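Please read the structure below before turning to the comments.
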Amino acid sequence: MKDSPLEAVIGLEVHVQLDTGRKLFCADSTAFGAPPNTAVCPVCLGLPGALPVLDAGAVDLALRAALALECTIHPISVFARKNYFYPDLPKGYQISQFERPLATRGAVELDNGRRVRIRRVHMEEDAGKSLHDRFASATAVDLNRTGTPLIEIVSEPDLRSPGEARSCLQHLKRLMEYLGISDCNMEEGNLRVDANVSLRKRGSERLEASTEVKNLNSFSAVEKALGVEIKRQTRIRAEGGAVTRQTLLWDAAGGNVRVMRDKEDSQDYRYFPDPDLPPLVLSAARVASLRAGLGELPRAKHERFRRQYGLPAYDADVLTSSRPLADYYEAVVACGRQPKTVSNWVMGPVLKTVKRGIADLSSPGLAPGRLAELLVLVDEGTLSATAAKTVLAGMARTGDPPGVIVRREGLMQVREDQVLARWVTDVVTAHPEEVARYRDGETRLLGFLMGQVMRASGRKADPRRVNQLLRAALDADAG
Amino acid sequence: MTANAAGVAARAAEVRSGRLAWGSMAAEALEAQGAWEQGAAPLNAFIALGPHADRQRRPRDGPLAGIPVAVKDNLVTGGFPTTCGSRILEGFRSPYEATAVRRLRRAGAVIVGKTNMDEFAMGSSTENSAFGPTRNPWHRERVPGGSSGGSAAAVAAGIVPVALGSDTGGSVRQPASFCGVVGIKPTYGRVSRYGLVAFASSLDQVGALGRTVRDAATLLEVVSGHDPRDATSVNRPVPPLAAACERGVRGLVVGVPREYFPSGLDPVVGRLAERALRALEGAGAELRDVSLPHTRYAIPAYYIIAPAEASSNLARYDGVRFGRRCRDADSTERLYELSRSEGFGTEVKRRILLGTYALSAGYYDAYYGRAQEARAAVARDFERTFRDGVDVLFTPTSPTPAFRLGERIHDPYRMYLSDVFTVTANLAGVPALSVPIGLAEGLPVGGQLMAAHWREDTLLTAAAALEAELGTVGSPPVPSGAGTA
Ligand SMILES: [Zn+2]
């Protein structure tokens with residue numbers, strides 16, 4: 001593309017599931033993996049006479065997203081019905097927003113510094129799932145997903161390459177995760193992407209016929225599918241043909257796109273305002289308080305972490321991936337520990353403990369002050385790094401302070417020279433052959449001999465001191 | 001009959017004090033219902049009849065203790081099927097109950113049956129029912145009005161003292177007028193729509209029918225009030241409605257909108273309306289000529305908005321999850337097509353098509369958009385009139401008394417015109433009521449009262465005064481054994 005007279009024009013439509021834990025217009029749970037058709041009620045089943053009632057919690061999350069995307073929030077927005085027949089759409093319409101969305105005209109900034117405009121952010125309910133492979137001769141319908149709260153984020157066609165599209169998505173995902181709006185789990189369908197693609201003469205402002213690529217269920221799928229589609233359109237134009245407006249389905253296995261339907265015969269959804277739901281009226285105070293609650297956004301935080309704490313980009317990435325994690329990190333550093341050491345501990349053992357579900361960042365055993373105490377013990381040499389990990393696991397499990405665990409489990413590092421010297425002597429005596437080879441210049445055997453001493457000490461020996469003593473013993477007798 | 005003839009409040013008091021057995025009135029109601037089904041011209045007011053009252057284990061006290069109540073078949077009701085008068089819902093039983101019905105039970109009422117109606121409340125004669133037409137108890141070759149014709153007929157026939165209906169464009173008031181009973185459509189948002197099967201959601205409202213103004217007021221008071229399950233139900237206190245019937249109209253300003261007295265008005269209806277106005281004046285009310293100039297846009301606007309909403313509301317009847325399903329479909333599209341074409345009647349199909357068209361891309365602004373503008377203009381007429389000091393408006397409820405069965409069923413436009421005086425209140429969302437004002441050659445005629453939002457109390461004050469001044473129209477002759485009317 002770089003030298004081509006054509007450039008790609010890409011826009012994204014991203015559906016993000018809001019992490020409210022409940023449906024948008026009824027109180028059913030949205031937990032993933034419930035048995036089919038168990039998380040349902042008259043409202044989301046679309047039973048005769050049932051009525052939707054909007055969940056205020058979902059509105060708050062949608063507003064946070066819109067504010068983080070620098071959108072203009074509309075004081076009045078309107079829910080509309082999108083009418084179409086489909087077996088997994090129980091009411092025969094989807095409640096969405098059409099003419100008057102929640103928010104418009106925002107922007108995100110890519111890592112390369114380019115700004116991508118956001119056209120709109122609106123709220124809508126999800127449809128159910130049609131299961132075509134469950135029964136041999138029939139389609140099954142699971143309505144657990146019906147009514148799940150979503151926001152749809154629509155970008156302007158400001159992206160110029162598959163790489164930029166991917167970067168834009170990563171940025172969106174990061175923002176949603178950081179603000180606790182969505183877990184963005186793509187496998188569970190909590191973040192879904194459609195992309196619009198067209199080609200035009202570089203520098204031209206003309207809008208050309210675009211295709212919509214669906215079924216992009218991973219970041220690499222987005223990048224690959226867009227690459228394939230751009231090539232296909234380039235070829236069509238090179239052959240003198242015209243690209244037609246189509247909806248395409250990305251086939252990850254085959255690495256190609258196939259036509260799902262022609263846009264020309266696209267449906268008329270007969271949108272109209274949903275008479276069951278009054279317009280959504282947002283007070284300036286509510287919007288202002290949500291805006292204030294946003295605090296520092298991930299990009300700014302990332303930059304500050306690198307600058308203020310001297311962290312590598314990778315560390316800053318991980319630590320600013322969610323607000324609770326970033327806050328936790330800063331709280332530990334504030335206890336006076338060295339920023340990079342804290343980063344290593346938080347990204348490593350602490351997150352591992354959290355991922356295993358043993359504790360979370362708000363558990364008393366992992367309180368920032370407790371982790372700082374543990375790191376003090378390591379810095380002082382009271383604990384070896386290995387022992388400290390054991391203590392951390394104990395803290396997470398029991399909630400006890402590190403000092404208590406160290407004493408209880410006898411994990412204190414052995415640093416008395418008398419004791420250490422005896423272990424060193426024993427090892428030197430027990431391995432005459434290795435000692436001789438070391439003295440002949442095979443110095444890498446030091447590691448082996450160190451290991452033997454550590455093992456003899458039950459891993460409690462202070463490795464730094466052992467190293468000194470062992471070298472002294474080996475070198476002294478060399479004569 | 002004897003027990004049901006007295007006022008609902010008094011009868012409920014007798015039940016609470018133990019002088020009247022809790023289920024006795026319900027048993028009488030079922031007996032009376034049976035009598036009306038005898039002979040060549042059965043009333044056919046009910047689609048389903050209740051289990052015996054003793055099987056309903058519910059609170060036995062409350063303002064409606066032991067009172068038999070009939071419920072229009074578009075309110076989902078425990079223990080009964082809910083069909084909306086449609087084949088597509090034949091045998092459908094709802095797993096949950098409408099808020100209005102739950103409130104009835106909580107007030108001690110006995111639900112004795114589900115009443116017949118025009119399919120999905122689309123109609124003005126109860127002839128569009130998949131379960132056959134209901135007849136007018138005053139004259140069995142005449143229609144009872146609609147779409148709440150079953151409820152109005154059941155009350156007029158003395159089977160029940162009160163019944164619930166629903167009113168989208170006059171569906172409580174027009175049958176009340178045709179059957180000589182009182183019917184009230186409250187302010188939009190006053191009664192929960194949760195469990196009312198939607199026809200046109202922005203216009204639908206549950207209404208109350210009764211033999212007297214007080215009975216209707218008592219029923220309305222029970223079902224009114226905010227419901228968190230209906231986002232359009234409004235959270236504001238319900239004034240004491242039954243008490244409003246005692247107030248008297250001295251000093252009340254009654255507006256007489258000239259658009260509701262056109263030259264084509266049936267002369268007998270005109271004369272009875274005139275007599276009612278004199279009666280109000282005689283009771284101390286002040287009459288004032290007013291104009292609601294946008295009234296002529298009401299019927300066209302209504303017949304865009306209501307079908308548009310209906311076309312969407314009725315999309316859920318697709319044969320997939322509940323209701324009628326065609327067994328021979330070989331594709332999903334055929335399943336929809338066959339289930340819906342077999343399940344829906346002509347009028348419902350007509351309105352779905354109208355509404356689908358009105359919402360289509362390219363036509364939306366010309367139809368739905370303009371209809372909303374007309375609706376707003378109609379609402380402004382009312383606002384201005386009430387702001388200028390008018391307390392209540394008086395009009396005829398319908399241009400004619402009950403017409404003959406079959407007379408208009410093939411002429412939808414003439415059928416639609418029987419709602420010409422009633423649709424405006426639905427478009428504006430204001431409360432309105434029909435009260436009997438006399439008989440025209442043995443057929444009841446109703447007068448309509450309309451008031452500002454939330455002023456059901458004013459409506460009831462004026463209606464009670466009319467009832468006191470004019471006397472009731474009495475009851476139709478009770479059927480005896482196997483005789484016909
Ligand atoms: Zn639900």
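All of these numbers come straight from a predicted model, not from anything done at the bench. Throughout, protein chains are lettered first and strands after them, A, B, ... in sequence-line order, and every chain is numbered starting at 1. Quick note: numbers below take in every heavy atom, side chains included, and nothing from hydrogens, waters or symmetry partners.
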Item to check | Which atoms of L54(A) approach chain B - backbone, side chain, both or neither, heavy atom under 4.5 Å | outcome: neither
Next on the checklist: Under 4.5 Å from any heavy atom of chain A, what part of Y363(B) do you find: side chain, backbone, both or neither?
Outcome noted: neither
Item to check | Best-contacting candidate, G323(B), S202(B), A361(B), G362(B), against chain A by heavy atom pairs under 4.5 angstrom | outcome: A361(B)
Next on the checklist: Looking at D276(A) and R81(A), is there a salt bridge between them, counting it only when a charged N and a carboxylate O are closer than 4.0 Å?
Outcome noted: yes
Checklist entry - If you count heavy-atom pairs under 4.5 Å with chain A, which of E333(B), R340(B), Q372(B) comes out on top? => result R340(B)
Checklist entry - How close do R22(A) and P149(A) get, heavy atom to heavy atom, and via which atoms? => result O-CD, 3.2 Å
Checklist outcome for this item: Honestly, the part of A98(B) sitting under 4.5 Å from a heavy atom of chain A is neither
Next on the checklist: For R103(B), is the CZ atom crowded, meaning more than 12 foreign heavy atoms sit under 6.0 Å from it?
Outcome noted: yes
Next on the checklist: Taking E124(A) first and then K82(A), would you say they form a salt bridge - that is, a charged N and a carboxylate O separated by under 4.0 Å?
Outcome noted: no
Item to check | Electrostatic pair D126(A)-R192(A), nearest N-O below 4.0 angstrom | outcome: yes
Checklist entry - With a 4.5 angstrom heavy-atom cut-off, which part of Y336(B) approaches chain A: side chain, backbone, both or neither? => result side chain
Checklist entry - Checking heavy atoms, do the side chain of N74(B), its backbone, both or neither come under 4.5 Å from chain A? => result neither
Checklist entry - Is any side-chain heavy atom of P307(B) closer than 4.5 Å to a side-chain heavy atom of Y357(B)? => result no
Checklist entry - Is there a side-chain contact between L143(A) and P90(A) (heavy atoms, below 4.5 Å)? => result yes
Item to check | chain A contact via T82(B) - which portion, at a heavy-atom distance below 4.5 Å | outcome: neither
Checklist entry - Going by atom types only, do K72(B) and S148(B) share a side-chain donor-acceptor pair under 3.5 Å? => result yes
Item to check | Side chain, backbone, both or neither of N83(A) within contact of chain B (heavy atoms, under 4.5 Å) | outcome: side chain
Next on the checklist: Take a 6.0 Å sphere around CZ of F92(B) and say whether it holds more than 12 heavy atoms from other residues, nucleotides or ligands.
Outcome noted: yes
Next on the checklist: Taking side chain as everything from C-beta outward and backbone as N, CA, C, O, which of these in Y93(A) sits under 4.5 Å from a heavy atom of chain B? Side chain, backbone, both or neither.
Outcome noted: side chain
Checklist entry - Under a 4.5 Å heavy-atom cut-off, does chain A meet the side chain of F120(B), its backbone, both or neither? => result neither
Checklist entry - Under a 4.5 Å heavy-atom cutoff, which of S311(B), A231(B), S94(B), A200(B) has the most pairs with chain A? => result A231(B)
Checklist outcome for this item: Max heavy-atom pairs within cutoff under 4.5 Å with chain A, candidates T332(B), L335(B), N313(B), D204(B), goes to N313(B)
Next on the checklist: Check this for me: does any side-chain nitrogen of one of R334(B) and D328(B) sit under 4.0 Å from a carboxylate oxygen of the other?
Outcome noted: no
Item to check | Part of R193(B) lying under 4.5 Å from any heavy atom of chain A | outcome: both
Next on the checklist: Only pairs of heavy atoms separated by less than 4.5 Å count here; which of P52(A), C26(A), G46(A) has the most with chain B?
Outcome noted: G46(A)
Next on the checklist: If I measure from the heavy atoms of chain B, does Y271(A) come under 4.5 Å with its side chain, its backbone, both, or neither?
Outcome noted: backbone
